[in-house]
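Since we're looking at a predicted model, the values are computed, not measured.
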Amino acid sequence: MNDLLLLKQGEIVLKGLNRRIFEQRLLGNLRRRLSRIGKFKVYSAQSTIYVEPEEAGADMDAAFEAAQKLFGVVKVVRAAACEKDKDAILAKAVEYLGEDLAAAKSFKVETRRSDKSFPMTSIELSQYVGGELSERFPQTPVDVHDPDFIVHIEIRDLAAYVHAAPVQGAGGMPVGCNGTAVTLLSGGIDSPVSSWMIARRGVHLIPVHFFSFPYTSQQAKEKVVELGRLLSAYCGKMTLEVVPFTHIQEEIRDKCPEEYFTLVMRRFMMRIARRIALDSGAGAIVTGENLGQVASQTMEAMAVTQAVLDLPVLQPLVGMDKEDIISLARKIGTFETSILPYEDCCTVFTPKHPRTRPKLSEVEAVERTLDVEALVEEALGGVERIALNDESL
Ligand code: ATP
Ligand code: MG
């Protein structure tokens, strides 16, 4: 059958001189992903990446799925290769796409010819193969304007390829080519999506979760681990850092006025995330904040929260509607896990009347009742590290 995958690269083809570096990164990420599925030959030519099975029974379905989750790829298609000869191409189209053609309401043939030495033009080849196919599949008429099914033919340097319509890839840029960031991963709907969006820009992520056992349950942690695993299908190998947060929250509860609980807590999260970032060479902190969604997501509250930082905070969801965030969560497959009912530490000790327009000086005064440095050190000393590898890949 000569079944293979063709992956079309996205923005990286525009990167000029850096293009090779980006492409090498993409190939490396792909090879690492595929090595868990089976033996595949991976190479690139003419802005396309080829994935060929190197052993009988290599799981092409799994490889196809993995390729669709690889950042840096805009389209993925399963194709069959054959000799660059019009009748070999016709025979391959019948063999490989015959079932689709028989089931389609109408069809057309579209040819792309990057090997200009091929003796027929694209139009001539499309007409030849289209004419022959319509004789073999008389119940499926040709419709060049609005076909139900398209037989794609590509004449490339190495061979000819026959395939149906490509599916969309994950887009973006290869993970690792735009640095590293710490991402704050709660168990909610938003932060898996914000993490995904930044990873999609080519950023390697270090997910950090603040865990307040026993106020939040073991299942709440499991849920975050599961979200991290789902993300790793896109982001590659990651290590989740689980920060013990109970003592900090109890200190805040015991020593700060209730209306400041959330703000002080969020400033602790940022201080700890900053330290993890500095220790691991990360250049930014990612959060799932969304303007106006809750009291801590006003501009004033964000300013107070971020005042403890000297790193940029990337908030890709800041201007999105909740509905759009949810549809993205569904698309990337995190939604169903995010809505499992376990509590997050943000909902423990939630103030009844939080400050929505806090002043930095007030919050700083409130924090003087706490030994901030010691609490940060204690939390960092108790970090648990959990390797996230998507086992389904
Ligand atoms: P999410 O759906 O991501 O939980 P949210 O709408 O509940 O977001 P907040 O509770 O205000 O918003 O949290 C804002 C951001 O802070 C989250 O998106 C996440 O990035 C981070 N965050 C909140 N709680 C935690 C936690 N327990 N561990 C790590 N990060 C957290
Ligand atoms: Mg939350």
Side-chain angles (χ1 to χ4, degrees), residues 181-195 197-198 208-212 215-216 243 245-277 283-326 328-329 338 343-376 379:
V182 163
T183 187
L184 301 196
L185 190 61
S186 72
I189 295 169
D190 300 336
S191 48
V193 177
S194 53
S195 303
M197 286 177 76
I198 295 302
V208 171
H209 178 67
F210 297 93
F211 184 46
S212 295
Y215 300 104
T216 57
V243 180
F245 210 47
T246 313
H247 190 203
I248 290 176
Q249 286 204 281
E250 286 173 340
E251 282 283 295
I252 297 172
R253 176 197 59 191
D254 295 344
K255 296 185 179 159
C256 299
E258 190 186 300
E259 57 185 335
Y260 292 103
F261 280 2
T262 311
L263 282 165
V264 175
M265 178 191 77
R266 296 200 59 73
R267 282 162 58 89
F268 270 99
M269 288 185 179
M270 291 301 169
R271 288 186 185 101
I272 293 167
R274 172 181 174 274
R275 284 285 300 276
I276 294 174
I285 293 170
V286 182
T287 70
E289 266 141 335
N290 182 238
L291 196 59
Q293 199 184 86
V294 290
S296 60
Q297 298 179 9
T298 62
M299 284 184 266
E300 293 85 349
M302 288 195 224
V304 167
T305 303
Q306 292 175 26
V308 297
L309 291 176
D310 47 9
L311 290 175
V313 183
L314 308 180
Q315 304 178 318
L317 311 186
V318 77
M320 285 170 75
D321 282 355
K322 192 74 186 181
E323 246 173 80
D324 300 332
I325 299 171
I326 288 175
L328 200 42
S338 285
E343 299 248 299
D344 181 56
C345 70
C346 290
T347 47
V348 181
F349 317 134
T350 312
K352 282 189 213 67
H353 302 290
R355 289 290 303 251
T356 52
R357 291 170 174 274
K359 288 208 169 61
L360 182 58
S361 55
E362 294 165 5
V363 179
E364 284 173 345
V366 163
E367 279 176 353
R368 276 183 213 118
T369 57
L370 304 169
D371 190 345
V372 171
E373 283 309 304
L375 286 166
V376 167

Any idea which heavy atoms bring Gly188 and Ser338 closest together, and the distance?
O-OG, 2.7 Å
For the pair Arg357 (side chain) and Glu300 (backbone), establish whether a donor and an acceptor sit closer than 3.5 Å, ignoring hydrogens and angles.
no
Can you tell me how far apart OH (Tyr260) and CD1 (Ile252) are? Round to the nearest 0.5 Å.
14.0 Å
List the atom of Ala277, the atom of Leu311, and the distance in Å for their closest heavy-atom pair.
CB-CD1, 3.7 Å
For the backbone of Ser186 and the side chain of Ser191, can you confirm whether one donor and one acceptor N or O come within less than 3.5 Å of each other?
yes
Note: Pro312 and Gly283 closest approach over all heavy atoms is CD-O, 3.3 Å
Exactly one of Arg267, Arg274, Glu364 clears side chain to side chain contact (heavy atoms under 4.5 Å, CB included) with Val308, and that residue is Arg267
Heavy-atom count around Lys322 NZ within 6.0 Å, excluding the residue itself: above 12?
yes
From Phe268 atom CZ to Leu370 atom CG, the distance as rounded to the nearest 0.5 Å:
5.0 Å
Could you grab the distance from atom CG of Asp190 to atom CG of Leu185, nearest 0.5 Å is fine?
11.5 Å
Within a strict 4.5 Å, meaning less than it, do heavy atoms of the Leu184 and Met270 side chains meet?
yes
Lys352 backbone acceptor or donor facing Glu258 side chain under 3.5 Å:
yes
When you look at Ile276 and Val243, which way does the side chain to side chain contact (heavy atoms under 4.5 Å, CB included) test go after all the steps?
CA-CA 10 Å; Ile276 294 174; Val243 180; 4.2 Å; yes
Mind listing the closest non-hydrogen atom pair of Thr287 and Pro316 along with its distance?
O-CD, 3.8 Å
Identify the two heavy atoms, one from Val193 and one from Ile325, that lie closest to each other, and give their separation to 0.1 Å.
CG2-O, 3.9 Å
Show the nearest heavy-atom pair for residues Phe245 and Met269, with the distance to one decimal.
CZ-CG, 3.7 Å
Output for pair (Glu362 CD, Arg355 CZ), nearest 0.5 Å, gives 4.0 Å
Of the options Ile248, Val376, Leu309, which is the one that meets Arg271 in a side chain to side chain contact (heavy atoms under 4.5 Å, CB included)?
Val376
CE of Met302 to CG of Leu291: how many Å apart, nearest 0.5 Å?
4.5 Å
May I ask you to decide if Glu289's main-chain N or O and Gln297's side chain share a donor-acceptor pair within less than 3.5 Å?
no
Can you measure from SG (Cys256) to CE (Met265) and round to the nearest 0.5 angstrom?
12.0 Å
